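Note that the coordinates shown come from a computational prediction; the quantities given were computed from them, not determined experimentally.
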Amino acid sequence: MHNRSDQFSKNLLRDGLSLVSAAETEVEVLAATQKIDVYSVPDPARQAERAAMGLLGELSAEPSLFEPFHRTPSLRQIRQCLRKQLTWHHELERRARSAAGSVAPDEDADAPPQSAVDFPALVVIGPGRPETVLDAYRCEPVQPGVYHAVPGLMMRVVVLAELPRTRATLLLRLLGSGRLLRDALADLAALPDDAWEKSVAKPLLVHFRLGRREPAIDKEDDVSAEIRAWFEEYERKLRAEERKEGRAEEAARAVLTALRVRGITVPDVARERILAEKNPETLERWLERAVVAASLAEVLDDLS
């Protein structure tokens, strides 16, 4: 469960951030045997969309390393994250120098290029309040559940248990467990079907929590029967869509085969139209016509 929770957290952050950023998971830090959980670089063209994402959008307004923890992080774990942050900045500077060409003889080989590389922020996310961390780095609250360390560190600490129960914090609260997760799932279920949060979170929740034969949600999460039923219904819909797509693909191939057997030439535009059709009933109607047709016009209503 622990590994699946880690993978779920990384994928949820990556897919949410991908709506407004170039986000990757498992980014290798070449100078150390460490990997950044999620590294996000904001897309300037999607500033308005990012602003609509609530707290996650605020946290991704600058190049950032996201490090989610299933349990409240210790001081030692935060130091490891800070090492990633520093090493990654060093690597970014190295890449910038390489892209700018060779270094002049009188230029410091370790100096950044003329266009300075932004120092990436570190965003640490955990369920509880890490008192030793907040004290060690003199973190100050900037809003409920969000703390900033001394300016030079560029570190933000997000305490999931302290976040207000609003839509602006929903995607981050889904990284929690127990009651925190249960409340976040209830809030997610209450959103409109076309909500961006649902498009990001629901497929991942199904994949990482319903993908095996174990119960839909681990017992430790104590999710209500209503939320459990919501998961199961969504999974049924996904499977039905997969079956429908498979049926449509098979029917499209059958239509093309029938036309070929009848000796009817199928132009590229018509072939693309047939293969693009996703309604099995439409394709089956075309197939019935194709087995007796003398021309393409007798088969397709909108192409000849």
Side-chain angles (χ1 to χ4, degrees), residues 4 7-8 11-25 43-50 52-53 167 170-171 174 185 188-214 216 226-304:
R4 284 191 292 131
Q7 291 298 319
F8 166 72
N11 280 269
L12 182 67
L13 285 170
R14 180 202 61 199
D15 289 2
L17 292 165
S18 291
L19 298 177
V20 291
S21 312
E24 305 171 54
T25 59
D43 182 348
R46 297 182 176 181
Q47 184 174 351
E49 297 168 65
R50 186 164 50 254
M53 291 179 67
R167 183 172 180 178
L170 175 55
L171 208 72
L174 285 170
L185 289 172
L188 183 67
L191 291 179
D193 289 340
D194 60 352
W196 71 269
E197 295 94 336
K198 281 190 173 180
S199 68
V200 171
K202 287 173 68 174
L204 291 170
L205 286 165
V206 169
H207 177 74
F208 285 102
R209 298 185 179 275
L210 297 182
R212 301 184 179 184
R213 295 181 179 275
E214 297 147 2
E226 180 181 355
I227 299 300
R228 192 185 299 272
W230 173 70
F231 271 111
E232 293 170 352
E233 175 62 21
Y234 182 67
E235 187 183 41
R236 282 195 294 271
K237 288 181 179 179
L238 284 182
R239 290 176 176 173
E241 285 297 320
E242 290 172 356
R243 287 195 296 270
K244 184 176 180 179
E245 289 178 5
R247 179 182 162 198
E249 183 179 349
E250 183 179 348
R253 289 197 301 266
V255 171
L256 293 172
T257 299
L259 290 169
R260 185 174 66 253
V261 170
R262 298 291 295 173
I264 298 173
T265 300
V266 182
D268 289 343
V269 65
R271 179 183 180 84
E272 291 174 3
R273 172 70 179 89
I274 293 169
L275 292 174
E277 179 59 53
K278 300 304 180 185
N279 188 329
E281 288 74 19
T282 299
L283 288 161
E284 288 166 4
R285 183 174 70 251
W286 290 350
L287 180 58
E288 290 177 2
R289 298 173 183 175
V291 296
V292 296
S295 68
L296 187 61
E298 297 178 19
V299 179
L300 304 181
D301 303 318
D302 53 353
L303 288 174
S304 59

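- Between V299 and A290, the shortest heavy-atom distance links the atoms CG2-CA, 3.8 Å.
- Partners of S21 according to the side chain to side chain donor-acceptor pair (under 3.5 Å) rule, which considers only residues two or more places apart in sequence or in another chain, are S40.
- Between L259 and I274 the shortest side-chain heavy-atom distance falls below 4.5 Å.
- At a threshold of 4.5 Å between non-hydrogen side-chain atoms, the residues E49 and W196 do not count as touching.
- Nearest heavy atoms, G16 versus M53: O-CE, 3.2 Å.
- Rounding to the nearest 0.5 angstrom, the gap separating the CZ atom in R285 from the CG atom in L287 is 12.0 Å.
- The heavy-atom pair separating I264 from S295 by the smallest distance is CD1-N, 3.8 Å.
- Ion pair R273/E277 flagged as a salt bridge, since at least one NZ, NE, NH1 or NH2 atom sits closer than 4.0 Å to an Asp/Glu carboxylate oxygen.
- Rounded to the nearest 0.5 angstrom, L13 CG and L204 CG are separated by 10.0 Å.
- The CZ atom of R271 sits 8.0 Å away from atom CG of D268, with the distance rounded to the nearest 0.5 Å.
- Taken from NZ in K202 to CG in D193, the straight-line distance is 6.0 Å, to the nearest 0.5 Å.
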- For L170 and L188, run side-chain contact (heavy atoms from CB on, under 4.5 Å): C-alpha distance rounded to whole Å, both residues' side-chain angles, the deciding distance at 0.1 Å, then the answer. CA-CA 7 Å; L170 175 55; L188 183 67; 4.1 Å; yes
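- At most 12 non-hydrogen atoms from other residues, nucleotides or ligands lie less than 6.0 angstrom from CD of Q47.
- Annotation for F8 and L174: closest pair CE2-O, 3.5 Å, computed over non-hydrogen atoms.
- Minimum interatomic distance between A270 and L296 (heavy atoms only, all atoms of both residues): CB-CD2, 3.7 Å.
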- Message: side-chain contact (heavy atoms from CB on, under 4.5 Å) for V20 and D43? Distances and angles first, verdict last.
- Response: CA-CA 6 Å; V20 291; D43 182 348; 5.8 Å; no
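- To the nearest 0.5 Å, the span separating CD on E197 from CG on L12 amounts to 10.5 Å.
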